[in-house]
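Below is one structure, written out as structure tokens, with a few remarks after it.
The first residue of the sequence shown is numbered 1, and numbering continues consecutively from there.
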Amino acid sequence: MENAIQTSVGLEKEQSKPKQGLWQKFMQLKVGVIPLPLYIVFALVIFAAAALGELPNDMIGGFAVIIVLGMLLSDLGFKIPILKNIGGPAILSLMIPSFLVFWNVLNPSVMDSVTTLMKTSNFLYLYISVLVAGSITGMNRTTLISGFTRIFIPMLLGTVAAVAAGVGVAMLLGYSAHHALFYIVVPIIGGGVGEGILPLSIAFSQILGGESAHYVAQMIPAAVIGNVFAIIGAGLLKKMADRNPSITGNGVLVKSKDGKKLSGSTYDSIKPDFLLMGAGLLFACGLFITGHLLSPFVGIPGPILMIFAAALLKVFNLLPAKIEQGAYHLYKFISSTLTWPLMVGLGMLYIPLKDVAAIISIPYILVCATVIAAMILTGYFVGKWVNMYPVEAAIVTGCRGGLGGTGDVAILSASGRMELMPFAQISTRIGGALTVVAATLLIAVWGG
């Protein structure tokens, strides 16, 4: 009897609840964290301003465009079957804007605002500075030391494997060894466009003759395609790690001597302090400027000097713990909120589909895929051999196939392991610099 009464009361309460109307259900739909109706309002306002020529040509206009697109494309990337397992958010955020530019869909004022943000205001380097400063100083000190000393082994062996496999497959598919090495493999592992392809193009033009732009157009397609395969590889590695936790450190690169996982950061359990985050921003900017100032005197790129400076501060405990905390929490905030919008800006301005479309073919794609696969597989097995987590070692080694800092962000985003940024930068920039020097010396001997 008592159960019958309770059931009756429950039914009455259920019937008394107001049924959700169509509007309430519509409001529950979201793009990222924003309710869909509100997102539509934001998007309409931004693109109406662009259509009327009233979109501010500054950081405000630029951020509005890349955030509204980044939220939508990353959200779709997380939801589309199959694509979500191979780095969908990074692929869509990077490639869809590039196609929109290629098809001349975007309004000129949209392009102007994003160009001002990404190039004039140098948002990419601000992003990387914050990530490097926060991820290094917030890292476990033992993890940092072990990671920096070991990462060169899979990086170098991965490079050798990539060259051997890439040139070998290219020759089987009808390419000459010369063309395969200098115009496909080297551009992929050269460290990106600014630090790799542009210096190479100048060196090639001086040694072989002709305009540097001619060599840039031949090399960029390989770098772009290689970067896409590196993103896909990172997404697949993430899927493997989700299924087999024993092969991953979830963003931690190195195991301890007894094989156990070293801790990532001691600041994860501390509540963020917004004032300290401001101090962390100043620290990140100071690191970047330090590298920029010292670069002409020591002949090492500023971003590399910035990484070493942050590492030295951490290794010798020279930075107050409160500044480390602020820099780390700022890095967590920036990486979780602005990564996909940054991808949009990079896709619009740094992925030239016109050059890619002019040279692409099935054999060409297969060679690019082979180079990336060789690096990732080498990183996985060599990393395991030197007591690193195989997934993290493979991801960092795979960053050798990225478009410099741009590629590192995309690859680490696809893998969900932005904590690896310092190691990815070392792999990309130092590995890329060594590749550029070696290729320049070799082309001088080998000729055209």
Side-chain angles (χ1 to χ4, degrees), residues 17-81 83-85 87-101 103-118 121 123-124 126-127 130-131 271-274 277-278 281 329-349 409-410 413-414 416 418:
K17 287 182 180 178
K19 291 185 178 180
Q20 283 190 334
L22 188 61
W23 176 250
Q24 284 79 7
K25 291 181 179 179
F26 188 49
M27 284 295 291
Q28 289 180 353
L29 298 175
K30 291 183 177 181
V31 175
V33 296
I34 299 179
L36 179 58
L38 188 57
Y39 175 85
I40 293 173
V41 171
F42 285 148
L44 288 175
V45 168
I46 293 165
F47 290 103
L52 296 172
E54 296 296 329
L55 185 69
N57 185 13
D58 53 23
M59 292 179 66
I60 295 176
F63 270 126
V65 170
I66 66 172
I67 290 174
V68 78
L69 286 174
M71 281 188 169
L72 176 62
L73 295 173
S74 62
D75 194 60
L76 291 174
F78 279 118
K79 293 176 179 176
I80 296 176
L83 190 62
K84 66 181 181 181
N85 296 326
I91 292 174
L92 290 186
S93 297
L94 199 63
M95 299 308 298
I96 295 299
S98 184
F99 275 105
L100 293 178
V101 172
W103 293 327
N104 293 316
V105 172
L106 297 176
N107 188 287
S109 62
V110 168
M111 296 300 299
D112 291 343
S113 297
V114 175
T115 301
T116 298
L117 171 67
M118 298 295 297
S121 299
F123 174 50
L124 173 61
L126 173 63
Y127 178 94
V130 168
L131 261 63
K271 184 179 179 181
D273 184 318
F274 299 117
M277 288 170 66
L281 179 59
H329 285 149
L330 177 66
Y331 138 71
K332 295 294 283 187
F333 166 72
I334 293 294
S335 64
S336 61
T337 57
L338 292 178
T339 296
W340 309 124
L342 176 69
M343 294 280 100
V344 171
L346 297 176
M348 290 172 65
L349 302 178
V409 173
S413 300
M418 296 302 294

Self-check item: Single hit among L55, N57, L117 for side chain to side chain contact (heavy atoms under 4.5 Å, CB included) with D112
Solution: N57

Quiz item: L106 and side chain to side chain contact (heavy atoms under 4.5 Å, CB included): which partner among V114, V101, V65?
Solution: V101

Practice problem: Determine whether I96 and V344 make a side-chain contact, defined as any pair of heavy atoms from C-beta on separated by less than 4.5 Å. | Solution: no

Practice problem: Find out whether S413 and W340 are in side-chain contact, i.e. whether some heavy atom of one side chain is under 4.5 Å from a heavy atom of the other. | Solution: yes

Give me the atom names and distance for the closest heavy-atom approach of [X] to [Y].
| X | Y | value |
| --- | --- | --- |
| L94 | M343 | CD1-O, 3.6 Å |
| M277 | P272 | SD-CB, 4.3 Å |
| S113 | G61 | CB-C, 3.8 Å |

Exercise. May I ask you to decide if the ring planes of F123 and Y127 are parallel, tilted or perpendicular, using 30° and 60° as cut-offs?
Key: perpendicular

Distance-only, no hydrogens or angles: does the [X] side chain make a donor-acceptor pair with backbone N or O of [Y] under 3.5 Å?
| X | Y | answer |
| --- | --- | --- |
| S93 | L73 | no |
| S121 | M118 | no |
| S335 | K332 | yes |
| Y39 | V33 | no |

When rounded to the nearest 0.5 angstrom, what is the spacing between [atom1] in [X] and [atom2] in [Y]?
| X | Y | atom1 | atom2 | answer |
| --- | --- | --- | --- | --- |
| L349 | S98 | CG | OG | 10.0 Å |
| L69 | L92 | CG | CG | 12.0 Å |
| L72 | L76 | CG | CG | 4.5 Å |
| L131 | T339 | CG | OG1 | 6.5 Å |

Practice problem: Can you run down the salt bridge (Lys or Arg N to Asp or Glu O under 4.0 Å) pairs that involve residues 56-78, sequence neighbours left out, and say none if there aren't any? | Solution: D75-K79

Quiz item: Could you go step by step and tell me if L36 and Q28 meet the side chain to side chain contact (heavy atoms under 4.5 Å, CB included) rule?
Solution: CA-CA 8 Å; L36 179 58; Q28 289 180 353; over 6 Å; no

Quiz prompt | Step-by-step side chain to side chain contact (heavy atoms under 4.5 Å, CB included) determination, L342 to I66 | solution = CA-CA 7 Å; L342 176 69; I66 66 172; 5.7 Å; no

Quiz item: So V68 and F47, side chain to side chain contact (heavy atoms under 4.5 Å, CB included) or not? Walk me through it.
Solution: CA-CA 10 Å; V68 78; F47 290 103; 3.7 Å; yes

Quiz item: side chain to side chain contact (heavy atoms under 4.5 Å, CB included) between H329 and D273: does it pass, once the steps are laid out?
Solution: CA-CA 8 Å; H329 285 149; D273 184 318; 6.0 Å; no

